[in-house]
Amino acid sequence: MALISLQTVFIAFFGIAAIGFGIWVFRTSSMMRSALALLFSQTALGAMFLAMQAEFLGVLQIMMMATEMSIMAIFMVMFMMDPGGLGAMEMSHQKRLSILAGVAGALATAGIALFTQWGVVVTSAPAAAEQTRALGTELLGRSMLIFETAGVTILTAMIAATAVALPTLQRKRNA
Amino acid sequence: MNTLVIVLSLLAGAYLVAVLEAWLATGRFRLAAPAWAAVALLGRESIVPRTPDRIFFETAPVLLLIAALLAAAVLPLSPSMVMANLATGALFVNAALAYVLVALLMAGWGSDSAYALVGGWRFLGQVIAYSMLIVMPITAVAMRAESLLTTDIVSSQEAVWNILYQPIGFVLFFVASMAVAFLPPFDLPIAVGDLAGGVEAEYTGVRLAVFRLGRMVLVITLAAATTVFYLGGWMGPVLPPWAWSAIKILAVSAAMLLGGYTLPRIREAHLLAWCWKLGIPLALINLFIVGVMVLIWP
Amino acid sequence: MNALQQYGLLLALICGVIGLVLILFALARAIGRTQQEPGKNVPATAGMLSRDPVWVRYHARYYGYALLFLAFDMEMAFMYPWAVVYKQTGLVALLDMGVFLAILFLGLLYGWSQGAFRRQ
Amino acid sequence: MTVERAHAGHARAQHGDMPFMSMVEVTEDLPRSRDGLPMEWVEVPFGPMFPGLPGGLLLTLTLDGDAVAKTRVRSVVGGGGVLPTAGLSATGFIAHLEAMDPLAPVAYRLLACRALEAAAGQVPDGEIRRRRIAVLERERIASHLGWLAMLGLQTGFAWLERHATRMQLECLRADLPRILQLRSTIQALTARLVRTPLLRSRLHGSGIVRPSSDLRGPVARAAGMRCDARIDDETYAALAFEMTERQGGDGFDRLHIRLDEMQQSLALIQSVGGFAEPASTAVGSASGAGHASLETPRGEAQLRLVLESGRVVQAQLDTATTYHMKLLPDLLDQQELGDALTTVCSLDLSPWEVTA
């Protein structure tokens, strides 16, 4: 019982940390701070997964977000005006609409969490090694099609990103 | 208790790496050199630039040290000497090492200095280059061990060490881990000749001492990872397991330092091009070969 | 040691490192403090003093690689669970992942052909 | 350092209540990079005290990300004038010229001696001329070794830096037997550098220069020009001097030329068989105009002077670095920062000998 309550404390702690970093994303006018705050918000989420004993998911989250958010940071620094936040630029847009959307989103999420029939709650999570194994079996068995579709989706993303972002060879030659 | 012993032995290893680095740099072997250097750094002023991003500037060296140490926490020195034997250990090493990038970006941005800034962004390019060459070979190692547990990975090499079982993977991982620790010839973010120290340029005194300590621990951690994944970890005749681990780790870190000593720095454009045009296809071939081999000769 | 205790240990390790660093800072401060002198806090610029902030729109020349990297990073999420069950699943797993990686390799080749693998 | 930012664009970027902000409008004043993206450029000084560059060279690079968009270059130590006061005595003039470039003191001392001798109408005897050449060639070896050490530091090649520094110190004041012992070491160094992985890819294609009248010394010879003050010199001709030459004109060719020249200089020293430091010339109260040219380690230097009753009243110096510095803005354009600095290093500039 003591362990469970400690677990709850950690879940709460990392949850609040994630929210705190999330708020910081919008409170700062430096693009770099904003990007890294989002990074640490995601890291805190990963730590929350760990506290909930979803080890693979947590570690994966912690790993992926570090590189992906850093790459987001370089794109933000490349394309946003005043990335250092020296002009103390206001970062929020259309405040009333965003507040409304935020509140509605929060209510909807809370509603789903509260009113869904989640089924029987298991008393203990499977061992971490078991989780990874089960995930692998799932990928290669029942969800194989989904998995291969993900491959095609990633391919599409690669092609789209390349086609949109890179100056075409023709334009390059002219330049 | 176990944890304390491992942390202390890691620090001792980091110290020996520093001795070795000083030996290469000055040509004289002096066991006390890093100690004196550390005392000198502590005694020196630690200056903060005029308009830094103070949070980033202060966090970066600490985050580097934390990242290096956390990666080491899941690597076993002997069957019982491992701080946290996580079920996803091999993945966790990656996760911790990813924060080396975050630390260097923070250091580069935080001091608001041109040299550091270029150094920080350069390292992001370096990460984009080497990252897959860390991740894919580790996957191949996990395929053979059927587990992400680092202790299982060592035991899977009972018959043949992975350096012989998957030599392509070893070479890729070894080179990439030199790039993770930004050792020469991959010292792009802290290049002295290009950037006058790069991300390190603004750190002085105790902050520089923490930064350097973090880098030394990082070197030891990567040597330990190479040992665990490819050199059979603690395995070896006669000597006790921890001694074999220590010997292998020190040998690997010496090889890393010596390799860099005799090579000029790589150009960033070449690093990216070679890693993507040669390294990733090789890593995929390695995955395929190991995949076939695991099925016919485990 | 169960999983939660291990995470606890890692957290303790983080706290320990922070503690160690604070001790080092205290030690350095006990030895001597930084003196405020003019011109000392200017970032390294090889002997020049006046400077403006450098936090500007930075032109990273490797963005072509960066975009493809994101895709490869995603793909690795699938590789780990696959690797763990690879041996017990056998040939099916090899073919399965072979198709997946071949699709990705196509993307790599496409990027290569479009000049993503160069300084922009 | 100044930041070229679009202030107009900034004012418009305060978009708290603005319903729509056009990126095209905001970024229209920003400088464009080669790939058409609007970015901000930062001006960063490299030097006068930068680890990877010769001390005293002030390189101000305008960086577009990590690429060089604009280059300004200036020497903060050179340009002091060849003649501090008109009417300097011959001894004083030689000492002044020797001190002018601490990177090649012997070459400038010899140059001053030769010009004074030409003005006074003296001709030193053949053996002295030959032995002076030996001293000059020894300095060339030392200078090239110093350049190698600088290249090692610049490219992070620690072994080269340490090794070349040690050899340079040995070579500077070595006597004849000692310097001939160095032969095998230099051969080994050459062989090793040519075989070093990554060194070729580091230097190959960096800073390609095309033959032009602005090139001097090893830089010109690496670009395939027959440009060497030594080929017209009869003393050299008597020693069977052959010029080395390469065609590519990039950093790797310059490395090769310098490595070959070290061997060649050793052969010259061996066939001379002794050193004679250029001593101060007794010009008496001679008057006249003199001209001398000489191949310093960095390329041809020319000195014209006018002597009036034993005193130098007018002097004009023409040095290699003065020309090479002008090449930099074009050479460095759009290069990656590290490549750009390697290019600067591969030209072997001496800010001290800049006359302008």
Side-chain angles (χ1 to χ4, degrees), chain B residues 3 42-43 45-51 61-62 65-66 69-70 73 83-88 91 109 111-117 121 124-125 128-129 131-132 135-136 139-140 142-143 146-148 196-197 201-202 205-206 209-210 269 272-273 276-277 280 284 287-288 291-292 294-295 298, chain C residues 1 3 5-7 9-10 12-14 16-18 20-21 24-25 27-29 31-35 40-46 51 53-55 58 60-62 65-66 68-69 72-73 76 79-80 82-88 90-91 93-94 97-98 101 105 108 111-112 117-119:
Chain B
T3 309
L42 285 187
E45 289 176 302
S46 193
I47 301 161
V48 180
R50 200 194 290 154
T51 52
V62 191
L65 188 55
I66 289 177
L69 209 59
L70 281 190
M83 284 190 247
N85 199 9
L86 287 189
T88 51
L91 182 61
W109 183 267
S111 52
D112 193 11
S113 128
Y115 299 160
L117 189 83
W121 291 128
L124 180 57
I128 290 171
S131 204
M132 282 301 130
V135 172
M136 288 185 177
T139 316
M143 274 161 78
E146 289 188 89
S147 168
L148 294 172
E202 294 311 320
V206 61
V210 174
L272 279 159
W276 279 82
K277 294 176 182 171
I280 290 185
L284 289 174
L287 267 178
F288 181 74
V292 173
V294 162
L295 293 183
Chain C
M1 204 159 41
Q5 283 167 323
Q6 288 174 334
Y7 310 146
L9 183 86
L10 293 177
L13 211 56
I14 295 177
V17 170
I18 294 172
L20 173 80
V21 170
L24 280 178
F25 274 53
L27 202 65
R29 195 173 174 137
I31 295 174
R33 293 196 185 189
T34 307
Q35 291 197 335
K40 204 190 215 175
N41 55 0
V42 178
T45 39
R51 57 177 292 281
V54 297
W55 290 334
Y58 184 90
R61 305 298 177 125
Y62 45 73
Y65 292 99
L68 291 185
F69 175 80
F72 269 78
D73 209 29
M76 289 318 295
M79 296 286 286
Y80 283 98
W82 168 79
V84 170
V85 295
Y86 175 77
K87 213 192 273 184
Q88 69 183 41
L91 206 55
L94 183 65
M97 191 48 81
L101 288 180
F105 200 70
L108 190 136
W112 195 339
F117 293 168
R118 66 165 111 179
R119 268 172 77 78

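Proteins come first, then strands; the chains are lettered A, B, ... in the order of their sequence lines, and each starts at number 1.
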Engineer: Distance-only, no hydrogens or angles: does the Thr34(C) side chain make a donor-acceptor pair with backbone N or O of Glu45(B) under 3.5 Å?
Structural biologist: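 Side chain of Thr34(C) to backbone of Glu45(B), a donor-acceptor pair under 3.5 Å: no, none is there.
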Engineer: What part of Glu202(B) is in contact with chain C, defined as an atom under 4.5 angstrom from a non-hydrogen atom: side chain, backbone, both or neither?
Structural biologist: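 Only the side chain of Glu202(B) comes within 4.5 Å of chain C.
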Engineer: Work out which heavy atom in Gly90(C) is nearest to a heavy atom in Leu295(B); give both atom names and the distance.
Structural biologist: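 So the two residues come closest at CA-CD2, 3.7 Å.
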Engineer: Given heavy-atom pairs under 4.5 angstrom as the criterion, report whether the side chain, backbone, both or neither of Ala60(C) touches chain B.
Structural biologist: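 When you check distances to chain B, no heavy atom of Ala60(C) falls under 4.5 Å.
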Engineer: Can you tell which part of Leu124(B) gets under 4.5 Å to a heavy atom of chain C, answering side chain, backbone, both or neither?
Structural biologist: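 The answer is both parts of Leu124(B).
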Engineer: Is Arg29(C) close to Val206(B) at the side-chain level, that is, under 4.5 Å between some pair of heavy atoms?
Structural biologist: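 Not touching, per the 4.5 Å side-chain cut-off.
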Engineer: Can you name the closest pair of heavy atoms from Leu287(B) and Met143(B) and give their distance?
Structural biologist: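 Minimum heavy-atom contact is CD2-SD, 3.7 Å.
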Engineer: Where does Leu27(C) contact chain B at under 4.5 Å (heavy atoms): side chain, backbone, both or neither?
Structural biologist: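 The answer is the side chain of Leu27(C).
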Engineer: Do Leu86(B) and Leu148(B) pass the side-chain contact (heavy atoms from CB on, under 4.5 Å) test, and can you show the C-alpha distance, the side-chain angles, and the key distance before you say yes or no?
Structural biologist: CA-CA 8 Å; Leu86(B) 287 189; Leu148(B) 294 172; over 6 Å; no
Engineer: Less than 4.5 Å to any heavy atom of chain B: does that hold for the side chain of Met76(C), its backbone, both, or neither?
Structural biologist: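 The side chain, not the backbone.
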Engineer: Which of the residues Ala201(B), Gly125(B), Ala142(B), Ala116(B) is involved in the greatest number of heavy-atom pairs with chain C at under 4.5 angstrom?
Structural biologist: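 Top count of heavy-atom pairs under 4.5 Å with chain C: Gly125(B).
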Engineer: Between Leu70(B), Val48(B), Thr88(B), who has the most heavy-atom pairs with chain C when the cutoff is under 4.5 Å?
Structural biologist: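 The answer is Leu70(B).
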Engineer: Most heavy-atom pairs under 4.5 angstrom with chain C, which of Val135(B), Leu284(B), Val62(B), Val292(B)?
Structural biologist: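 Option with the greatest count: Val135(B).
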Engineer: Name the region of Arg33(C), side chain, backbone, both or neither, that has any atom closer than 4.5 Å to a heavy atom of chain B.
Structural biologist: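 For Arg33(C), backbone heavy atoms alone lie under 4.5 Å from chain B.
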Engineer: Out of Val17(C), Leu10(C), Ile14(C), Leu20(C), which one pairs with Leu69(B) under the side-chain contact (heavy atoms from CB on, under 4.5 Å) rule?
Structural biologist: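 It is Val17(C); the other options fail the test.
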Engineer: Any side-chain to backbone donor/acceptor pair from Tyr86(C) onto Gly291(B)? Under 3.5 Å, distance only.
Structural biologist: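 Yes, Tyr86(C) side chain to Gly291(B) backbone: donor-acceptor pair under 3.5 Å.
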Engineer: Between Tyr62(C), Phe105(C), Tyr7(C), who has the most heavy-atom pairs with chain B when the cutoff is under 4.5 Å?
Structural biologist: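 Maximum pair count with chain B is reached by Tyr62(C).
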Engineer: What part of Thr139(B) gets within 4.5 angstrom of chain C, counting heavy atoms only: side chain, backbone, both, or neither?
Structural biologist: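 It is both, since atoms from each part get that close.
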Engineer: With side chains defined as the heavy atoms from C-beta onward, is the minimum distance between Pro49(B) and Pro43(C) less than 4.5 Å?
Structural biologist: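 Yes; the side chains approach each other to less than 4.5 Å.
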Engineer: Side chain from CB out, backbone as N, CA, C, O: work out which of these in Leu108(C) comes under 4.5 Å of a heavy atom of chain B, or both, or neither.
Structural biologist: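 For Leu108(C), the side chain is the part near chain B, not the backbone.
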Engineer: Side chains of Leu68(C) and Ile128(B): closer than 4.5 Å at any heavy-atom pair?
Structural biologist: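 No - every pair of side-chain heavy atoms lies 4.5 Å or more apart.
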Engineer: Checking Phe25(C) against chain B: side chain, backbone, both or neither under 4.5 Å from a heavy atom?
Structural biologist: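 For Phe25(C), heavy atoms of backbone and side chain both lie under 4.5 Å from chain B.
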Engineer: Quick one: what part of Leu24(C) sits under 4.5 Å from any heavy atom of chain B, side chain, backbone, both or neither?
Structural biologist: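 Contact with chain B is through both the backbone and side chain of Leu24(C).
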Engineer: Pick whichever of Trp109(B), Tyr115(B), Phe288(B) has the most heavy-atom pairs under 4.5 Å with chain C.
Structural biologist: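 Ranked by heavy-atom pairs under 4.5 Å with chain C, first place is Trp109(B).
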Engineer: Parallel, tilted or perpendicular for Phe117(C) and Trp276(B), by the 30°/60° rule?
Structural biologist: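 Rings of Phe117(C) and Trp276(B): tilted, as their planes differ by 30° to 60°.
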Engineer: Is Ala273(B) in contact with chain C via its backbone, its side chain, both, or neither, using a 4.5 Å heavy-atom distance?
Structural biologist: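 Both backbone and side chain.
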